[in-house]
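These numbers come from a predicted model, not from an experiment. The sequence lines fix the lettering, A, B, ..., with proteins before strands; numbering per chain opens at 1.
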Amino acid sequence: MAVSRAPETESELLSRAHALAGLTLAELGQRLGVPVPADLTRAKGWFGQALERALGATASSRAAPDFEALGVELKTLPVGAKGVPCESTFVCTIDLSRIGDVDWTTSLVRKKLARVLWAPVEGARDIPVPARRIGTALLWSPSADDEDALRFDWEELAGIIGRGDVENLTGHLGRHLQVRPKAASSRSRRRGVDGEGASFAALPRGFYLRASFTARILAERFGAPGSNAGDQYGV
DNA sequence: TATTGATCATAT
DNA sequence: ATATGATCAATA
């Protein structure tokens with residue numbers, strides 16, 4: 001397989017992704033000529049990065065969509081035995097000192113989620129990583145209802161941060177979107193702004209999509225969770 | 001056991 | 001340090 005050139009159209013991208021459905025991660029690693037980790041503890045981004053290479057993503061480690069020419073973001077989606085996502089999905093980091101001046105329309109969350117290639121993969125911890133199978137990817141954009149719901153959460157969460165109350169924000173808030181730490185460790189700090197406009201050192205945070213939200217995306221495409229147990233999403 | 005808070009790797 | 005890619009693991 002080797003590293004691919006960038007796909008020129010969405011349909012080319014989707015074809016490439018579909019050609020990987022059913023492969024194990026061991027087979028993907030072999031095709032790419034990269035070793036497959038025995039577990040993900042020290043290789044949490046392995047599948048996402050391997051997939052970027054396999055599909056010809058153009059923006060590794062840069063603040064741009066994975067497929068720049070297409071405006072498509074790639075997100076892997078680990079799913080459990082019942083075909084339900086077993087983790088939340090990281091969306092983007094938050095500029096704590098400026099988000100109060102941003103609105104939903106120009107937000108990074110909206111931009112990132114405008115067009116996403118979701119790539120399901122078996123994520124149950126009792127399946128050895130090399131044996132996990134890749135599912136059938138799907139291209140997605142939020143419906144009008146999705147966008148209304150995301151905007152509602154975003155405005156609530158961004159509003160709290162904008163008021164300088166980030167320290168009172170927990171992962172419990174938000175129906176679909178939530179804010180959680182996104183850092184090397186709990187000692188990490190970055191600049192935040194308090195209610196008086198004064199600068200302070202805050203734990204870095206990011207926006208995440210709850211698993212219940214991504215579950216709906218898969219269900220809309222593939223049917224109710226568990227309706228095809230063991231064979232969900234082509235995995 | 002589902003969810004929140006913490007953490008790990010790599011590239012620039 | 002900050003961006004990218006996420007999952008781990010303690011807690012409720």
Side-chain angles (χ1 to χ4, degrees), chain A residues 3 17 25 28-29 32 34-68 72-99 108-109 111-113 116-130 132 134-135 137 153 157 160 166-192 199 201-215 225:
Chain A
V3 178
L25 296 187
L28 178 65
L32 293 171
V34 300
V36 182
D39 72 276
L40 297 181
T41 305
R42 295 186 176 275
K44 295 178 181 179
W46 188 87
F47 180 51
Q49 287 159 355
L51 207 49
E52 287 180 345
R53 298 178 59 171
L55 297 177
T58 49
S60 130
S61 266
R62 289 184 301 109
D66 295 293
F67 302 94
E68 275 178 290
V72 174
E73 182 73 20
L74 174 65
K75 288 289 177 197
T76 62
L77 203 48
V79 300
K82 285 171 283 186
V84 174
C86 46
E87 288 289 348
S88 55
T89 299
F90 170 69
V91 179
C92 60
T93 51
I94 303 173
D95 186 337
L96 298 171
S97 62
R98 288 182 223 252
I99 194 165
L108 203 46
V109 171
K111 183 170 292 190
K112 288 252 181 191
L113 297 181
V116 179
L117 180 68
W118 296 102
V121 61
E122 286 180 328
R125 295 187 195 184
D126 61 357
I127 306 175
V129 172
R132 294 183 189 177
I134 298 169
D153 286 345
L157 297 166
I160 290 169
V166 67
E167 305 298 31
N168 297 320
L169 221 182
T170 75
H172 296 93
L173 266 63
R175 179 102 161 68
H176 306 297
L177 262 187
Q178 64 179 170
V179 171
R180 303 221 309 274
K182 168 61 175 174
S185 85
S186 57
R187 285 96 66 196
S188 302
R189 288 296 181 269
R190 73 180 322 178
R191 198 173 87 87
S199 207
L203 178 64
R205 320 284 177 123
F207 282 111
Y208 293 77
L209 241 25
R210 293 184 180 279
S212 53
F213 184 85
T214 51

NA contact type, [X], heavy-atom cut-off 4.0 Å: base, sugar-phosphate, or nothing?
X: A/Pro204; result: nothing
X: A/Gly48; result: sugar-phosphate
X: A/Arg190; result: sugar-phosphate
X: A/Ser88; result: base

Next item on the list: Measure the shortest side-chain to side-chain distance between A/Val179 and A/Ile160 over non-hydrogen atoms and say whether it is less than 4.5 angstrom.
Entry: no

Check: Considering only heavy atoms from C-beta outward, does the side chain of A/Phe207 approach that of A/Leu113 to under 4.5 Å?
Finding: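 Sidechains of A/Leu113 and A/Phe207: no contact.
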
Item checked: Candidate nucleotides C/dA3, B/dT4, C/dA6, ranked by approach to the side chain of A/Lys44 - the nearest ->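 Among C/dA3, B/dT4, C/dA6, the one nearest the side chain of A/Lys44 is C/dA6.
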
Next item on the list: Could you tell me whether the phosphate oxygens of C/dT7, OP1 or OP2, come under 4.0 Å of any side-chain nitrogen or oxygen in A/Arg42?
Entry: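 Indeed not, no polar side-chain atom of A/Arg42 lies that close.
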
Check: Should A/Ser185 be listed as having a side-chain N or O under 4.0 Å from OP1 or OP2 of B/dA6?
Finding: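 Looking at the OP1 and OP2 atoms of B/dA6, neither is under 4.0 Å from any side-chain N or O of A/Ser185.
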
Item checked: Of A/Arg180 and A/Ala43, the one whose closest DNA chain B nucleotide lies more 5' ->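 It is A/Arg180 whose nearest nucleotide is closer to the 5' end.
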
Check: Quick one: does A/Lys75's side chain have a donor or acceptor within less than 3.5 Å of a partner on A/Phe90's backbone?
Finding: yes

Note to self: Under the criterion side chain to side chain donor-acceptor pair (under 3.5 Å), I'd like the reasoning laid out for A/Arg190 against A/Thr93: C-alpha separation, chi angles, the key distance, then a yes or no.
What the structure shows: CA-CA 11 Å; A/Arg190 73 180 322 178; A/Thr93 51; 4.7 Å; no

Check: Within the modelled atom types, does a donor on one side and an acceptor on the other bring the side chain of A/Lys182 and the base of B/dG5 under 3.5 Å apart?
Finding: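 Flag unset: no donor-acceptor pair detected.
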
